[in-house]
Amino acid sequence: MQRRTLACPVFSAVSRRRARRSRAAALLGAALAALAASSSALAAEGAPALRPEAAERDGGDDPPAVGTELFSAGFDLEIAGRTLSYSDLLSGNLRTYEVLGVPMPSLRAELYPLARSALPVLRDLGIALSYARAIGLDSEGAAGAGVSTSWSRLHAGLRGRYRPAGRTGPVLFAGGGLCWTDFDVELTGDPSRDAASVSYVALRLGVDGRFPVGPVALEAGGGYQAPLSMGALASHFREPSAGGVDLRVAVAVPFAPGLEARAGASYTRFFYDFDSEPGDPYIAGGALDQLFGAHLGVAYHGY
């Protein structure tokens, strides 16, 4: 009888301890569930802020915006021309030079290695390259004979971009690099023809922009070129000095994801100043070398 009387308090104490443990477990589970819910909400709110450039590049359901690409590449077919003239020409052994309608295919590319990173400024700093070479070009020699002539351009430099109004606004660019322009006429022994050869190696600084207008985009830009070397033309004169400027305009029309058709025109002029004196074999006050062209092409933007 004593064992039966003592058993009831023991079983009652055990039940109370189990009840307390169950309540503690329930409270702990509720706290963990609340903490998990809070963490999920914070992660959802913070995700866009971690990678703003990704949102800008992807734009939700919108196509990626030009000016956020990792790389771009293009091919153009240019119809080019050149004129070379002299000012205050006093010697009779020089003459103007002109060539028009020269086919000149060109390739160009840009790469922004850190475009997919979250690093400000650096993600919009890239490398720009372009190359063009004329085909089927000859100059007129003595008695109308053809003279082998080559014409090529190469540009390499750094390029930065800036979007002042976000992904749907204009894109501004600034850059600097080296430009090499080589126009070589095979030597004929006639100074009036041989002087047309030039080989410009110039330091170029320039700015340009891309401006959306409805479904298309307009592009315009220009730069200054400081020649480091000039070639055969300058060697004919005493103390030559030169400078150069260039301008370009284009229109781009997207026709498929990442692809666009392009049309445009470019103009470059180098201006010379000579310190000629009486008795020099070649006497002129200066010269103007103009290179120009119109082009059609296609470009691809990779994101």
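Taking each heavy atom of Leu129 and Ala156 in turn, the nearest pair found is CD2-CB, 3.4 Å. Residues Ala195 and Leu94 come closest through the heavy atom pair CB-CD2, 4.0 Å. Closest approach of Ala299 and Arg262 over heavy atoms only: CB-CD, 3.6 Å.
Between the side chain of Arg159 and the backbone N or O of Glu110, no donor-acceptor pair lies under 3.5 Å. With hydrogens and angles ignored, the 3.5 Å screen pairs no side-chain donor or acceptor of Asp76 with any backbone N or O of Ser106. Of the possible donor and acceptor atoms, none in the side chain of Ser241 sits under 3.5 Å from a partner among the backbone N and O of Glu239. In terms of modelled atom types and a separation under 3.5 Å, the side chain of Arg116 and the main chain of Tyr303 share a donor-acceptor contact. Looking only at distances, a side-chain donor or acceptor of Ser87 sits under 3.5 Å from a matching main-chain atom of Gly286. Not one N or O on the side chain of Thr181 forms a donor-acceptor pair closer than 3.5 Å with the backbone of Arg153. With hydrogens and angles disregarded, a donor-acceptor distance shorter than 3.5 Å links the side chain of Thr149 to the backbone of Ser139. A donor-acceptor contact shorter than 3.5 Å links the side chain of Arg161 to the backbone of Gly67.
Put simply, the side chain of Phe183 reaches to within 4.5 Å of the side chain of Val99, judged on heavy atoms. Side-chain contact between Arg108 and Ser72: absent, with no pair of heavy atoms (C-beta onward) separated by less than 4.5 Å. At least one side-chain heavy atom of Asp182 sits under 4.5 Å from a side-chain heavy atom of Ser150. Val245 is listed as a side-chain neighbour of Arg269, based on a closest heavy-atom distance under 4.5 Å. Annotation: side chain of Phe255 is in contact with side chain of Val298 (closest heavy-atom distance under 4.5 Å). In this structure the side chain of Pro164 reaches within 4.5 angstrom of the side chain of Leu172, judged on heavy atoms.
Applying the salt bridge (charged side-chain N to carboxylate O under 4.0 Å, His left out) rule to pairs touching residues 280-303 yields Arg82-Asp289, Arg238-Asp280, sequence neighbours excluded.
Here the two rings, on Tyr282 and Tyr86, have centers that are 6.0 Å apart or farther.
Between the side chains of Tyr267 and Gln290, at least one donor-acceptor pair of N or O atoms lies under 3.5 Å.
Distance check, rounded to the nearest 0.5 Å: NE2 of His295 to CG of Leu77 gives 10.5 Å. A distance of 11.5 Å separates CG of Leu247 from CG of Asp208, quoted to the nearest 0.5 Å.
Aromatic ring pairs are classed by plane angle as parallel below 30°, tilted from 30° to 60° and perpendicular above 60°; the pair Tyr200 and Phe270 is parallel.
A side chain to side chain contact (heavy atoms under 4.5 Å, CB included) with Gln225 is found for one member of Leu205, Thr268, Val201, Leu178 and no other, namely Thr268.
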